[in-house]
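These values consider heavy atoms only, across backbone and side chains, with no hydrogens, waters or symmetry-generated copies.
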Amino acid sequence: MRRRNVAAALAAVALTSTACTAGDGGKGGGDASAPAKAETSTVTIGDAAASTGPAAAVPGARTGGTVTVYEQTDIAHLDPAEAYPSNAQAISMLFTRQLTTYKKVNGKFVLVGDLATDTGTTSDGGKTWKFTLKGGLKFDDGTPVTAQDVKYGIERLYDPGKVLGPKYVPQWLSGSDYTKSYQGPAKSGSLPDSVVQTPDDKTIVFHLQDVHAEFPFAVAMPYTSPVLKSRAGKAYDNAPASTGPYKIDSHDDTKLTLVRNEHWNPATDPVRHNYPDRWEVKFGLQTQQATQQFIADVGPDKNAVSLSFGVDNQYAQQVQTQDDLKARLLSGVNPYVYYYAINTSRVTDLNVRKAILTAFPKQQVRQILGGPAYGDFATTILSPTVQGFQPYDQFNVPPAGDPEAAKRLLAGATPTIVYAYSQSEVAERVAVAIQQGLEKAGFKVVKKPVSAETWYDESTKKDNGFDLYFGGWASDWPGGSGFIPVLFDGRTIADGTYNYARFNDAAVNAEIDRIAAIGDVTEQSVQWTALDKKIMEQVPVVPFVYSRTTRLYGSNVGAAELDVYGATSLVNLFLKA
């Protein structure tokens, strides 16, 4: 699951990944209206027909040219086993393919078969998953892709040295201590058929230890890419074998260059195109410089995009009011939900927790962080991007808070609340706004700044001494199973926990187990939404915003859009001239 560093969320994200959109002029009144209904982007599951190639032609697309991609730092890992950040996954879509992937249809994402003919089948309610590979799949040297290559890629995930990528598949196959029984193909040979079976070159069968209806989503990430064993040496992280429309030409600490892969067969691919001739990913820009170049839109910058750069705040007003810039903005809700956790092990009175939520000054805090472009006001635990999302507002508190209603909940009490935050100039301003908002209701607020360098260690301690503090979460797939068990299962409370609210309710724990055992992912999504509401009755968090992505791109770029993770999607992109 994706945890965003709190210092980044309260500083870098606010200052560099947002730009004002319509209705926010950066003035005090720009945030005063009632919150609009949250934008949703839920995912459905496609059938075999939706999984066939080629991808539908993009209207007006042309072939040719070089696209420049600006990023602040080098992409640390190209090896699909460790390509985890959203920008790494976005660029990986050009040169890796997985068993499943996401396809955008009429503005909504659909999970489809990528290497596989469909999104997988199960004969036992989600414990065993079978995939059949398409014909005509090849690596960039012309070698056919087989089920054994997919299995080998999975086996490499067990290597204790592969620490940075997600571990869902090996954990679900072999348990949380998966390396105790197997440590990858170099040390332990091949996984037995009882774990992963390849009865022929086109068929791969996964035997999970428990039911996981969300397995087809989990295998849409780069770590399930097939790996050509003959090339999987030390240099693989710098130049993995390609199965996508492009292959890696060169890579150093200043630039990554991709060129066409002549062995990619578009007839097998339901998602990708290869309109540009070449991609050059350049590293080393800062947000202000990147924003200036996108605004100037001169020379190669007309052909440029970024996977992750937002708009520097000092240019937010210009971007909002200048029509040619507004036309080149990518904006949408991304998978992150930001909230303020209430430490339920310390704040045990439900009415006090309700009073915190009721008095909390969401509007004032969001304005400090960038206004509506920072995110849509949240009222739920789950993100609008998850399958089956159902919006609700259990408490109907105005965005500015309602201190008088909070006073009634406190009934004359004046509780002391320790508000902790990762120290920065922006976070200090946020802390003052929260202090003022809660004190209007009768709370006594003790501000506790913590060094950004030690914030993660301090905030994840089981007994951290904090009552209220910022958190953020995004699931690695658009489902409730990636949110609720991680954040609210009381059996996970320990040092290093992501259960920031220290929430432990036996009935909720049992419900988590019940829902996780449901073999139908659509029915699961309905149940996770119901549990979201049940948990919020106990107010373990103050939902804050559904985070938004906003960034610029060059004027000669066509078909720029956001992918399922909020990065810039490259699969349909082309140059207009």
Side-chain angles (χ1 to χ4, degrees), residues 42-53 55 96-103 105 108-137 144-155 157 166 168-174 191-226 243 267-271 386-388 476-482 515-528 564:
T42 54
V43 176
T44 57
I45 298 177
D47 56 15
S51 305
T52 60
T96 67
R97 295 181 63 183
Q98 293 74 51
L99 288 171
T100 63
T101 194
Y102 298 96
K103 176 179 182 178
V105 180
K108 300 291 183 181
F109 290 105
V110 180
L111 187 76
V112 297
D114 187 359
L115 295 172
T117 57
D118 54 28
T119 58
T121 58
T122 179
S123 57
D124 57 2
K127 194 172 179 180
T128 303
W129 285 93
K130 176 182 176 182
F131 296 86
T132 302
L133 300 189
K134 298 170 182 174
L137 302 171
V145 175
T146 67
Q148 290 77 26
D149 297 318
V150 177
K151 180 178 181 179
Y152 181 71
I154 298 296
E155 290 170 340
L157 302 177
Y168 308 111
V169 170
Q171 287 173 344
W172 295 350
L173 289 169
S174 304
L191 277 169
D193 286 352
S194 60
V195 179
V196 180
Q197 186 179 5
T198 54
D200 55 57
D201 286 351
K202 296 294 184 206
T203 307
I204 183 166
V205 183
F206 297 90
H207 299 280
L208 311 183
Q209 292 193 347
D210 298 295
V211 169
H212 285 282
E214 68 272 37
F215 192 74
F217 290 99
V219 296
M221 302 171 74
Y223 71 150
T224 63
S225 301
T243 50
T268 69
D269 198 325
V271 173
V386 304
Q387 186 184 23
D476 280 323
W477 56 85
S481 60
I515 297 171
I518 295 173
D520 181 270
V521 72
T522 302
E523 176 59 24
Q524 249 196 11
S525 70
V526 173
Q527 298 296 323
W528 288 126
V564 72

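Here the side chains of Leu99 and Leu133 are in contact, with some heavy-atom distance below 4.5 Å. Residues Lys127 and Thr122 are not in side-chain contact: their nearest non-hydrogen atoms beyond the backbone lie 4.5 Å or more apart. Here the side chains of Val43 and Val110 are not in contact, with every heavy-atom distance at 4.5 Å or above. Between Phe206 and Thr128, the closest side-chain pair of non-hydrogen atoms is not below 4.5 Å. When side chains are defined from C-beta on, Lys151 counts as touching Ile204, because their heavy atoms get closer than 4.5 Å. Proximity of Asp47 to Asp118: side-chain heavy atoms (C-beta onward) are nowhere separated by under 4.5 Å. In this structure, the side chains of Val271 and Val112 come closer than 4.5 Å at one or more pairs of heavy atoms. Proximity of Ser525 to Val386: side-chain heavy atoms (C-beta onward) are nowhere separated by under 4.5 Å.
Here the shortest heavy-atom pairing between Ala55 and Pro270 reads CB-O, 3.5 Å. When every heavy atom of Ser225 is checked against every heavy atom of Pro222, the shortest pair comes out as OG-O, 2.6 Å. Looking at every heavy atom in both residues, Phe109 comes nearest to Val564 through CZ-N, 3.4 Å. Minimum heavy-atom separation, Pro478 to Tyr102: CD-OH, 3.1 Å. Taking both residues in full, the closest heavy atoms of His207 and Leu173 are given as O-CD2, 3.5 Å, listed atom of the first, atom of the second, then distance. Nearest heavy-atom pair across Asp114 and Arg97 is OD1-NE, 2.8 Å.
Ring centers of Trp477 and Tyr168: under 6.0 Å apart, within the cut-off.
Taken to the nearest 0.5 Å, the CD atom of Gln387 stands 7.5 Å off from the OG1 atom of Thr44. Separating the CG atom in Asp476 from the OH atom in Tyr223 is a distance of 7.5 Å, to the nearest 0.5 Å. Distance check: Ser174 OG to Leu208 CG gives 9.5 Å after rounding to the nearest 0.5 Å. The distance from atom NZ of Lys130 to atom OG1 of Thr121, rounded to the nearest 0.5 Å, is 6.0 Å. Residue Lys202 holds its NZ atom at 10.0 Å from CG of Leu115, rounded to the nearest 0.5 Å.
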Which atom pairs, one a donor and one an acceptor, fall under 3.5 Å between side chains of residues 210-219 and the rest of the protein, sequence neighbours left out?
residue	atom	partner	partner atom	Å
Glu214	OE2	Ser481	OG	3.4

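Looking only at atom types and distance, the side chain of Gln98 has no donor-acceptor partner in the side chain of Thr100 under 3.5 Å away.
Checked by atom type and distance alone, the side chain of Thr203 never pairs as donor or acceptor with a backbone atom of Asp200 at under 3.5 Å.
Among Val169, Val205, Leu191, the one residue that satisfies the side chain to side chain contact (heavy atoms under 4.5 Å, CB included) test with Val196 is Leu191.
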